[in-house]
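One structure below.
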2 protein chains.
Amino acid sequence: MKDVAAAAGVGLKTVSRVVNKESGVSPAMAARVRAVIDELGFRRNDSARLLRTGSTASVGLVLEDIGDPFSSALSRGVEAVAREHGCLLLTGSSAEDADRERELALALCARRVDGLVVVPAGGDHEYLLPEAASGLAVVFLDRPGAGIEADAVLSDNAGGARAGTAHLIAHGHPRIGFIGDLPHIHTCAERLRGYREAMRAAGLPVDERWIATGPTDPATVGRAVRRLLTGGPDGNGGPDPTAAERAAEPVTALFTANNRVTLAALQALAGLPARPALVGFDDLELAALLSPGLTVVAQDPEALGRTAARLLFDRLGHDTSPPRRVELPTRLIVRGSGEVPPA
Amino acid sequence: MKDVAAAAGVGLKTVSRVVNKESGVSPAMAARVRAVIDELGFRRNDSARLLRTGSTASVGLVLEDIGDPFSSALSRGVEAVAREHGCLLLTGSSAEDADRERELALALCARRVDGLVVVPAGGDHEYLLPEAASGLAVVFLDRPGAGIEADAVLSDNAGGARAGTAHLIAHGHPRIGFIGDLPHIHTCAERLRGYREAMRAAGLPVDERWIATGPTDPATVGRAVRRLLTGGPDGNGGPDPTAAERAAEPVTALFTANNRVTLAALQALAGLPARPALVGFDDLELAALLSPGLTVVAQDPEALGRTAARLLFDRLGHDTSPPRRVELPTRLIVRGSGEVPPA
DNA sequence: GCCGACCCTGACAACGTTGTCCAGCGCCGT
DNA sequence: ACGGCGCTGGACAACGTTGTCAGGGTCGGC
């Protein structure tokens, strides 16, 4: 900028005024300065600007896995709103690792983002307290945060799971398997709660061996699918080996608690002559094209992202009302998988 | 930091030393300073650090559409490598709009990223020349850039399309429709070239009305699918209305040139009793579970992203060799759609 | 016991920008 | 014609950090 001023033969502040479109510069002068800027290829250094002004016009987004279509849709929603506000979005992914989440969030804070949208991977967010105290706005997305008072935008996980499970029950399935993510993940726990509630509401017993939670890689999920459908031992090596060894009654339907699990389960079931009844949480792009079509409990991830971002910008606009928890409804999309008669 | 120094009763520089883990600070002093840092919740301001040191340890990624699974996979690859290098990744999406791409890239430059990976939306990247001149490393991804000498990492689009088309030809289809993206997009043009080459190599004529390029929304693609399969007029309102009105011979197979088109085409075909033969560019998560299974020309988007990021970090490591163009192979995954007999 | 050397610490300037303040000039009103 | 007001342009400090350099303290060696 100094060079530009020298080349144009004007003062430093005049160039600054032109760059910032401030009033108080004659059009002729402004044009001359702009010409020099283009000629020299000058670009304002936003870091220095931030240092001086204190505002960055950027917000951070910490995702769970940037490659997951669900996360992509979240980020699309967040980005759209950020863009409306003329804000740059900085995105990173935590790979479902608490340390990585922390590291990433703090790196974004060190860049002095104005606000942060976090899809929590870890169970503790106290590390954000000093940041929040010094003005950072935080909104949790998809799962609530812990250890800090902040807004959260969630889906109605329990309600959705209840509806999905009820759909299977209504189609005559008395024994329904639940396959979910790691049990400490909030969404999984809530969906499991919804499943239990639906079973209880229908007066159906739940055999704990019908519930499989753990990693969502295809191999693990495939094993869980086969075990639930054949009624084998639970393989968890629990404290009661005799119970673990005793075969459970095989289930006739499956509720898969997120898109990765659903996908892995479908792959595991691909070899079978007729697919058992299956309802999944999260819609899949091709769900309608499978035969039979796949019934799902659909979230609206883009709306989740948009809502979280709106909440964040409300906070940046000095909305100091107490933290809110927004819960977005889910939608049961019936595509006929429920109509498969029970075994 | 000043506050920390005051609270600890030490000099500013000593705090700086502790924060940067420089040697030359007695352990006792370091421990005291660290205690004060934790107590006050101090976090270094990386913007100021950047201003002083000139290096940001961050790279930018400009995607075409952050919500597209293909883009997600690209970014996963780039992020993995960035992380290996201890680098923060800043991501934005251009929504396939040249102005937005430019705006985003320049915003990232203003944040003084060390390097930039760009999936070009626009056809001109001269605007990056001044940035490159002042030390920015640039790598183009998925499509080459124009107006600037820079590395590019691409898939073998023409070769992949050739292989996919040849697969259909080998299964006895003499009339194959091509549905692609906007024709000015490099990947679409290359894939169309591959399609033409395969047809020519097999001695088959190509009716221009078999080729549909345009927006990839489901409605447009759906119309194209129906037109190609029934042999209706091309509807482009070209300069030769009589030719446009003359019905073309219906095609018996379709080559869809990217994941969005494939998806939209599958949706359009969902109502039909038997799906016409179809080969798509880009793999789909559920492609194997459709019946019949979907044959695709698969790219490896994560490898594309990783390769581009590696190239970028090579450049940041002062590799000054002339710009390279890396072309990654594609893989034909046969899943039986080609085995549908021609109509 | 004294001197030298080494290690640790702190003062200071500078990175590029913007906000504040002031000076100069032109125009308008009387 | 003169004075005042308003508008343009420039000098300067400050944002928070790090690199440079110099000074002080301590320990060891002679």
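We name chains A, B, ... by the order of the sequence lines, and we start the count at 1 in each one. Since the model is a prediction, treat every value here as computed from it, not as a measurement.
Spacing between atom CZ of A:R52 and atom P of C:dC15 amounts to 17 Å, rounded to whole angstrom units. Atom CD of B:E22 is separated from atom C1' of C:dG10 by 13 Å (rounded to the nearest Å). Going from atom CZ of B:R112 over to atom P of C:dT17 covers 7 Å, rounded to whole Å. The nearest whole Å value for the distance from the CE atom in A:M29 to the C1' atom in D:dT8 is 8 Å. The distance between atom CG of B:L50 and atom P of D:dC15, rounded to the nearest whole Å, is 18 Å. Regarding B:R43, its CZ atom lies at a distance of 12 Å from the P atom of D:dT17, rounded to whole Å. The interatomic distance linking B:M1 (CE) with D:dC15 (P) rounds to 14 Å, in whole Å. Atoms CG (A:L12) and P (C:dT17) sit 8 Å apart, rounded to a whole Å.
One finds a side-chain N or O of A:N20 lying less than 4.0 angstrom from the OP1 or OP2 phosphate oxygen of C:dT18. At the phosphate of C:dT9, neither OP1 nor OP2 sits under 4.0 Å from any side-chain N or O atom of B:T14.
Between the side chain of A:R49 and the base of C:dT17, no donor-acceptor pair of N or O atoms lies under 3.5 Å. Judged by distance alone, with hydrogens and angles left aside, A:K13 brings a side-chain donor or acceptor within reach of the base of C:dG19, the pair sitting under 3.5 Å. For B:R17 against C:dG10, a side-chain N or O and a base N or O form a donor-acceptor pair under 3.5 Å.
Residues B:L51 and B:S26 both approach DNA chain C. Their nearest nucleotides, taken by heavy-atom distance, put B:S26 toward the 5′ side.
Here B:R76 pairs with A:D65 in a salt bridge; the nearest charged N to carboxylate O distance falls below 4.0 Å. A salt bridge between A:D114 and A:R315 is absent, with no side-chain N of the basic residue lying under 4.0 Å from a carboxylate O of the acidic one. Between B:R260 and B:D181, at least one side-chain N (NZ, or NE/NH1/NH2) sits under 4.0 Å from a carboxylate O, which counts as a salt bridge. Look at B:R143 and B:E190 and you find no salt bridge, because none of the NZ, NE, NH1 or NH2 atoms lies under 4.0 Å from a carboxylate O.
No engagement by B:V19 is indicated, since no non-hydrogen atom pair under 4.0 Å with the nucleic acid exists. Within the nucleic acid shown, B:D46 has no heavy atom closer than 4.0 Å to any nucleic acid atom. Within the 4.0 angstrom heavy-atom criterion, only backbone atoms of the sugar-phosphate kind lie near A:V25; the bases stay farther away. At the heavy-atom level, A:T53 lies under 4.0 Å from the strands shown only through sugar-phosphate atoms.
Rounding to the nearest 0.5 angstrom, the gap separating the CZ atom in A:R83 from the CD atom in B:E103 is 5.5 Å.
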